[in-house]
Structure formats: structure tokens, C-alpha cells
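The structure appears right after this line, and notes come after that.
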Amino acid sequence: MEYEFEGKTEMEAIDAAAAELGLARDEFDVEIVESVSGGLFKKGKVKIRIHLHGNAAANARKPERKVEREPDHDTPGEAAREPVRAPANPEATDEFERQVIDFTRDIVEKMGYSGKVSVLFREEKKLGLRLESDNASILIGKKGKNLDAIQLLANVYVSKLGREDIRIVLDSENYRIRREESLVRLAYETAEKVRRTKQSSLLEPMNPFERRIIHTTLNDIVDVETKSEGEGLYKQVRVLFKGAAR
Amino acid sequence: MERDLVEYIAKSLVDDPAGVSVNVIEGEKSTILELRVASEDIGKVIGKHGRIAKAIRTVLSAAATKDSKRVHLEILD
């Protein structure tokens, strides 16, 4: 039997596996599948595969149980700052999840594309869904336009179901994570340009989530400041030169 | 089919699914879809600042790209 787990470090991934499967660390074999070391904007990530043999396989708890568990209490500080996303059970675990997954998949299918929708992560107020499709690039659309539209409809549907407390995050091909990284890069590049030319720079229109990434990225940089301009949902961020802090 | 898509979304979001109907006006290069919902439900398919209507139109045009046709959605009450 094999299961995959992830953590920021190898140790953390193994701990997660042990806790989730209810086994001691010497009861399973660990294979490192992927190891990404942390960079400037990126956290390190280690993906491991657990191999279970004989008794251990029989004794192991079903990993799906993890879903209902409270966040790890062993390391409260760490867990609160950066919750480790253990791989969530991709299947719907209740009627609500099933309805949202079906709704999202039905939209994709009625758009004329084949696709598979599964659970990507579960948080207290969020449900992350993964959309897999051969037509992912069309379903994501320019600057995530189509993905955003499907996500919005899923969220409206969710409030129709009376679950306004839950927000749906729809991702495909890790688009949202990649977009976030490229926005952080854009923020730094723009700050650099503004500092060099001492002239402000106006970025392309972005949604509130994207603008927030720009604002927070440049928040700590003392010689530039950011400001939103325009009206409506898609405002533009202007990066201005402020000069050295006194 | 685009008609099914609009009908499915509308029926999922309104309180009165029986009040949803979609009329298709097929043109040479473009198709017009006329969506009708019960008058109490009109806000459910338009949304604040037209957010929902815009999302339906976006999804619709993504669906239409595969057969390179233009689809217009009109919401009637």
C-alpha cells in the first residue's frame, strides 16, 4: 500500500504521515518523491511516498480520517502561521462537497469540455477544488478570466445552498499559485524600476486578491509606496517613489 | 450546447427553476440566447453590479470558442 504526503521538510512530511496513518515511524518505508528547497519567495517542499507492508498496512488508519481532524496541536505556533496542507482526500466527503463538485463539473461539461473536479484542500472557511482537463488552458482563460468566472458561479451556488460561510477556491494546473508568484516578481521589478527612474508606474487592472499581493509585497519596502486607482472590481495599482525614509 | 449551459446555471441559482426558459435565435455567425427567469429571480442571475451575468457571459464565450461562434446572452424580464 502506498500513500503520499507533503511537508516543508522531510521530517515534517514523515511526522504528518505517522500522525495520519496512526503508525510509528519505523513501521513504514519512506521514499522521497520530490524535494524543493526554499527560495526567496517560495517555501521549501518535500513530497514523500510511504510504503506499507504486512501488519503496518493492516494497522494503518485510512488517511481520509485526516479530514475531520483538528489542526495539529503539537506545534501550535508553527501550525497557526503556516498550515501544512496535508494531501486532502480528493473525493467528496459529504453531501455539500458532492453538490459543489457536481455543479462545477457539470458547468465544464456543458461548456463542451471534459474535466474532472476533486477536492484540493479543506480549510475552516474554504474549500479548494482542483479542475483537471485536457482543455485546462481554455478553462483557465486569459489571466484566469474563465477560471474566475466558474469560481464565482460556484460561490454563488454555495450561498444558494445556504453555506455562505464557505468560500470556494477553484484551481487548475496550479494556476493560482503560479499567478501569485509572478505577481510578487512583478511587484519587485516595478519597485526597482520606480526607484531607478523616480517615476511612478501604473500596473494593469487587477482584481482585489491580486492587488493585495502587490500591496503586501511592497509594504516592507521603505522607498516606494502603493496606491489603488480607478473604480469597480478591477482597479489599478500605482507604485510611487517616496525616497529614502528619514 | 450553449443553451443547456445557460439553462443549467440559471436553474441552479434561482429559487424557481420552473420559471427559467432559454430562447435561441440562431444567426449565421452568431447566436443570441434569451434567458427568462421569474421576476423575483432576476437578481439571482444578474447579481450586484452584474457580476453573475458577467460570469455567465464569460463562461458562455469560453464554451463558444471551440466552435468559433459568437454567442450573446440577453437577460429578459
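First the proteins, then the strands, lettered A, B, ... as listed; each starts at 1. When reading the values below, keep in mind they use all heavy atoms of this one structure, side chains included, and skip hydrogens, waters and symmetry mates. As the structure is a prediction and not an experimental result, all values here were calculated from the model.
Enclosure of atom CG in A:D165 by more than 12 non-hydrogen atoms of other residues, nucleotides or ligands within 6.0 angstrom is indicated. Around the NZ atom of B:K48, the shell of radius 6.0 Å holds no more than 12 heavy atoms that belong to other residues, nucleotides or ligands. Other residues, nucleotides and ligands contribute only 12 or fewer heavy atoms inside 6.0 Å of the CZ atom of A:R212. The environment of CD in A:E164 is crowded: more than 12 heavy-atom neighbours from other residues, nucleotides or ligands sit within 6.0 Å.
Contacts between A:F103 and chain B at a heavy-atom distance below 4.5 Å involve backbone atoms as well as side-chain atoms. Residue contact with chain A, scored on non-hydrogen atoms closer than 4.5 Å, involves the backbone of B:V14 exclusively. At a 4.5 Å heavy-atom cutoff, the contact between A:I107 and chain B is made by backbone and side-chain atoms alike. Using a 4.5 Å cut-off between heavy atoms, A:K145 touches chain B through backbone and side chain atoms alike.
Of residues 38-46 of chain B, no residue lies under 4.5 Å from chain A by any heavy-atom pair. Residues of residues 51-58 of chain B placed with any heavy atom under 4.5 Å of a heavy atom in chain A are listed by number as B:R51, B:I52, B:K54, B:A55, B:I56, B:T58.
Of the inter-residue distances, the one linking B:D4 atom CG with A:D106 atom CG reads 11.0 Å to the nearest 0.5 angstrom.
Residue B:A62 comes nearest to A:I138 through the heavy atom pair O-CG2, 4.0 Å, listed as atom of the first residue, atom of the second, then distance. Between A:M111 and B:A63 the shortest heavy-atom distance is O-CB, 3.4 Å. Heavy-atom minimum distance, B:L13 versus A:K160: O-CD, 3.3 Å.
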